[in-house]
Amino acid sequence: MKHSCRDFARAVSEAYDRPLTFLERTRLELHTILCRLICGWCHRYAQQFKLLRRFAQRCQDELWVERLVPGLTPDARTRIRKKVMETTGGITS
Amino acid sequence: MTEPSPTRPRLDSDRWLRDHGDYLYRYARVRLHDDQLAEEAVQETLVSALSGQSRFAGRSSERTWLTGILRHKIVDQIRRRVREQPMDVASDPIAGVDGDFDETGHWKQSAPAAWPDNPENSFSKQQFWAQFQACIGRLKPNLRAAFVLRELEEKSSEEICNILNVSSTNLWVILHRARHHLRKCLETHWFSAESRP
């Protein structure tokens, strides 16, 4: 059965979100083998998707987040404090 | 200002804001990509924490407890936004990936380019993470929301379908688009310019 690069790309992504069927997994593997012999683009795509997942995990490292995202401005702190007081009708310590 | 009554729990939101405000704000900002929404999420977190502080048993650190509440608030923000602008996968062909394939389903000229042998080298570069955040920021809001919930918050497909009010089939399409565009953005703005320092 015909399995295009477009089908491959979709299945590579869906493998991260649902269990693929036996048939789908087999098609992916066969396509990867053939692709590596011909152009390598699909194999490359799958490898780069693996990296994307690692990037997404590492991008949350506190070290980078602290350097890249500015903290609250004094104005924002004042606004938050005021709204919290209004909402709770309470007294902040 | 009145003194807190003895029966009223001591309100610690000022201290929380001082000690954890920046951390919570950054956590929300990375996920919502919007200063105002992130600020609102922090504020809502403090309000919820105040009303629920008696439930804080001290089994986790205060920051972990507050972050747990914040994660719910981030989901609430996303849910609210989706309610205002529902997702319509079918009528959004420009956001699709089909443009990168020809009529037979094979790659066009925009096929994936080779990335350097050790892309992990980018892990230690602050500029790379800035670019990664910028690429996430370039995603359409709905794609970004799905990607963040799946890859940063690690929610299940089922949970995300519920939050975004889409079918699982549509969610898989949305997540594929998000990853496809993110991959391409990194390739264009980072890996193809690998001569960088």
Side-chain angles (χ1 to χ4, degrees), chain A residues 2-18 35 39-49 51-73 75-88 90-93, chain B residues 1-4 8 10-15 17-18 21-23 25-27 29-30 35 39 42-43 46-47 50-51 97-98 100-101 104-107 111-115 119-120 122-123 126 128-130 132-133 136 147 150-152 157 168 171-173 175-176 179-180 182-183 186-187:
Chain A
K2 196 165 159 44
H3 191 252
S4 70
C5 300
R6 184 171 42 212
D7 299 332
F8 176 92
R10 189 169 52 226
V12 160
S13 179
E14 291 191 8
Y16 287 98
D17 307 314
R18 67 175 175 92
C35 172
C39 62
W41 287 335
C42 286
H43 174 65
R44 201 179 268 169
Y45 191 77
Q47 294 298 312
Q48 292 171 354
F49 265 38
L51 273 171
L52 275 191
R53 174 151 281 197
R54 290 181 62 199
F55 291 152
Q57 285 161 353
R58 294 287 296 270
C59 82
Q60 307 172 63
D61 283 2
E62 217 176 322
L63 176 71
W64 300 119
V65 176
E66 248 178 47
R67 289 184 187 173
L68 293 172
V69 184
L72 285 163
T73 61
D75 282 353
R77 282 175 189 277
T78 308
R79 280 195 299 274
I80 290 174
R81 196 166 177 274
K82 190 163 164 266
K83 281 186 188 159
V84 170
M85 283 180 76
E86 281 168 9
T87 314
T88 57
I91 319 101
T92 51
S93 56
Chain B
M1 257 195 189
T2 46
E3 288 300 316
R8 190 170 197 165
R10 186 169 168 270
L11 302 178
D12 276 340
S13 65
D14 265 11
R15 190 173 55 75
L17 189 58
R18 187 193 66 219
D22 282 339
Y23 175 86
Y25 174 75
R26 287 179 173 122
Y27 188 100
R29 181 67 182 71
V30 162
D35 295 344
E39 190 180 315
V42 173
Q43 174 225 317
L46 297 181
V47 171
L50 284 174
S51 60
V97 298
D98 286 356
D100 286 334
F101 299 93
T104 64
H106 289 287
W107 290 101
W115 287 4
E120 289 89 356
S122 299
F123 283 1
Q126 188 172 330
F128 171 74
W129 295 113
F132 187 73
Q133 285 298 335
I136 293 183
F147 183 82
R150 185 77 188 105
E151 301 292 347
L152 274 70
S157 294
S168 47
L171 176 67
W172 299 330
V173 172
L175 283 169
H176 183 206
R179 294 182 181 117
H180 185 90
L182 194 52
R183 191 208 68 78
L186 285 176
E187 184 165 295

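Every value quoted in this text rests on a predicted model; they were computed, and no experiment measured them. All heavy atoms count here, side chains included; hydrogens, waters and symmetry mates do not. Proteins get letters first, then strands, A, B, ... in listed order; numbering begins at 1 in each.
Between B:His176 and A:Phe49, the two ring planes are perpendicular [angle over 60°; tilted spans 30° to 60°].
Note that NE2 of B:His106 is 9.5 Å distant from CZ of A:Arg6, once rounded to the nearest 0.5 Å.
Your options are B:Val30, B:Leu175, B:Asp100, and the one with the most heavy-atom pairs under 4.5 Å with chain A is B:Leu175. In terms of heavy-atom pairs under 4.5 Å with chain B, the best-connected choice from A:Asp61, A:Val12, A:Leu68 is A:Leu68. Interface summary for chain B: among A:Gln47, A:Arg10, A:Arg54, A:Gln60, the most heavy-atom pairs under 4.5 angstrom belong to A:Gln60. The candidate with the highest count of non-hydrogen atom pairs below 4.5 Å against chain A, out of B:Phe132, B:Phe128, B:Trp115, is B:Trp115. Interface remark: of the candidates B:Phe147, B:Trp129, B:Trp107, B:Trp129 forms the most heavy-atom pairs closer than 4.5 Å to chain A. Note on A:Glu14, A:Arg79, A:Arg58, A:Gln57: by heavy-atom pairs under 4.5 Å with chain B, the leading option is A:Arg58. Note: B:Ala114 leads B:Ala114, B:Ser51, B:Gly21 in heavy-atom pairs under 4.5 Å with chain A. For chain A, the option among B:Trp172, B:Tyr27, B:Tyr25 with the highest count of heavy-atom pairs below 4.5 Å is B:Trp172.
For A:Trp41, the parts lying near chain B are the backbone and the side chain together; criterion is any non-hydrogen pair under 4.5 Å. Neither the backbone nor the side chain of A:Phe8 comes within contact range of chain B; no heavy atoms are under 4.5 Å apart. The part of B:Arg29 that comes within reach of chain A is its side chain, from C-beta onward, which places non-hydrogen atoms under 4.5 angstrom from that chain.
Using modelled atom types, no side-chain atom of A:Glu66 and backbone atom of B:Arg26 make a donor-acceptor pair closer than 3.5 Å.
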Exercise for the section: Apply salt bridge (Lys or Arg N to Asp or Glu O under 4.0 Å) to B:Glu151 and B:Arg179, showing your working. Expected result: CA-CA 10 Å; B:Glu151 301 292 347; B:Arg179 294 182 181 117; 2.9 Å; yes
Practice task
Kindly determine whether A:Leu72 and B:Leu17 satisfy side-chain contact (heavy atoms from CB on, under 4.5 Å), including the steps that lead there.
Solution key: CA-CA 10 Å; A:Leu72 285 163; B:Leu17 189 58; 4.0 Å; yes
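A:Thr78 and A:Asp75 share no donor-acceptor pair across their side chains, judged by distance under 3.5 Å alone.
Contact check for A:Arg18 versus B:Ser168: no side-chain heavy atoms found under the 4.5 Å cut-off.
In summary, A:Arg77 and B:Asp22 engage in a salt bridge, as defined by a charged side-chain N under 4.0 Å from a carboxylate O.
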